[in-house]
Amino acid sequence: MSIGKEILFFFGALGAFNGFILSLYFLFFTKKKHLTNLFLGAALLALSTRITVTVFVYFNNNLAKTYLQIGLSACLLIGPFLYYSLKSGIQGNNTVPIKWKWHLSIWILSILIIGFLFPYQNYPVLWNDYLVAFIFFQWFLYLAVSGFENRTMIQKLFQNYSNSTPSEKWFGMVLLGNTLIFISYYLGFIGVSFVSCITGAFAFTFILYLIVLILLYRKKVDDLFVFNIQKDKKMNDEEAMNLFQKLEKSMNEKGLYKNPNLSLKDVSEEINISSHHLSQFLNNNLGKNFTSYINEFRIDNACRIIASNDKLTLESVGYDVGFNSKSTFFAAFKKHTGTTPLNYQIQALQT
C-alpha cells in the first residue's frame, strides 16, 4: 500500500472508530437519556459499521464477502433509526411506542432472514444487482420522509437561521449530514467519475468531527436533543391513550393524589416521562392543568367518603384525600361539583 493510500486508510479507519465511540456516548453516557439520543446513537452505530466495512473492503478486495454483507445490511437500519431520532425529538417521547417497535423489528428480522437464506458469498448477483439497489432506495425513502415531516424546521432554518433554536440547528445538521453521506455513497454506487464509496467514508469522517466540535464547544448539550416545533400539537391517539392509562393506574391503584405535596415531577418520574411532556399532554390533550387534574381525583374520592360516612368532619375528609388546608379543599370542591361540601353532604344524606 502506497503512502497516499495509507493516509486515506488511516483517516477512514479513524473516522469509523470515532463513530463507534460517539455512538456509545449517545447510547450510554449522555446525562439525560432522551429517546432521541438512543436512536441517534443506533443510527451512528449502523453508519460506523458501514464505514468500517467500506474502508477495509476498499483497501483489501480479498476480504471475506461476509463483511460486505454486514456493511450493506447495516445500511437498512440507518434510515429507520434516523427517522425515529428526529420524530422522538419533535414529540418528546421518553418511551418507544408499540408501532415503532414493530417497525424496527420487521427490518431487523428481514436482515437476519435474508442474510441467512441468501448470504452474499453464495448469491453475489442477487446482492449486487437487486439488494444493493433496494438498500439505497430504502435509505433514500427514509431521508425523504424525514425531510417532509420536518419541513417546518427546515423552512425555518433557511428563512431565519439566526433565530432558530439550538435543537433545530442540531437536528437540521444531523439530517443534512446523513443526506450528504447518502449522496456520496450513491454517486459511488452508480459509478460517477472521480467518486467512489470511500468518498462516503470521508464525508462521514468530516461530519462526525463537526458533531464532536459542537458537543465540545457547548457547555450544555441537553437543549440540543429535544425541541418543540409543534409544541401545541396533540399527541397521536395511541400514545395519548397509553399515557392516559398509565396516569389513571398510578392515581387509582397507588393513590398518588393523596400526597398533599404531590408535584408534576413526582408524577412524571412515576410513569417514566418528562415533566414537560406530561404537562403538554395534560394541557393539549386533556385541556386541564396539573392541579386541576389531581384535584379531580381528590374531589371524586371526597364525594365517595362524604356519601358513605357522615361521622367524619368535612375538614378531615379534605386532608384524607390530599388537600393541605380546609380553604383549598372547599374552593376546589365547589369548583369541580358546583356546590359546597356541606350541601353535598346534606343532599347525600337525604337520598
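All residue numbers in this chain count up from 1 along the given sequence. Please read these numbers as outputs of a predicted model, since none were measured by experiment.
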Does the Lys NZ or Arg CZ of Lys326 fall within the cation-pi geometry relative to Phe323 - under 6.0 Å from the ring centre and within 45° of the axis?
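No, Lys326 and Phe323 do not form such a contact.
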
Could you check whether atom [atom1] of [X] has more than 12 heavy atoms from other residues, nucleotides or ligands sitting under 6.0 Å from it?
X: Phe330; atom1: CZ; answer: yes
X: Phe290; atom1: CZ; answer: yes
X: Lys254; atom1: NZ; answer: no

Looking only at non-hydrogen atoms, find the nearest pair between [X] and [Y] and report the distance.
X: Trp139; Y: Asn178; answer: NE1-OD1, 3.0 Å
X: Leu76; Y: Pro80; answer: O-CD, 3.2 Å
X: Leu262; Y: Ile294; answer: CD2-CD1, 3.8 Å
X: Cys75; Y: Gln138; answer: O-OE1, 3.9 Å
X: Leu175; Y: Ser146; answer: CD1-CB, 4.0 Å

Over 60° means perpendicular and under 30° means parallel, so classify the ring planes of [Y] and [X], tilted if in between.
X: Phe297; Y: Tyr293; answer: perpendicular
X: Tyr123; Y: Phe118; answer: perpendicular
X: Phe329; Y: Phe333; answer: perpendicular
X: Trp107; Y: Phe134; answer: tilted
X: Trp127; Y: Tyr120; answer: tilted

Ser316 and Thr313 side chains, donor-acceptor separation under 3.5 Å:
yes

Test item: side-chain donor near acceptor, Tyr257 and Glu296, under 3.5 Å:
no

Using side-chain heavy atoms (C-beta onward) and a distance below 4.5 Å, is Gln345 in contact with Leu314?
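A side-chain contact under 4.5 Å exists here.
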
Heavy-atom check, side chain of Asn295 versus side chain of Arg298, under 4.5 Å:
yes

Would Glu270 and Lys246 pass as an ion pair if we require N to O under 4.0 Å?
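Result for this pair is no, no salt bridge flagged.
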
Only one of Leu44, Leu82, Leu104 passes side chain to side chain contact (heavy atoms under 4.5 Å, CB included) with Phe39, and that residue is Leu104

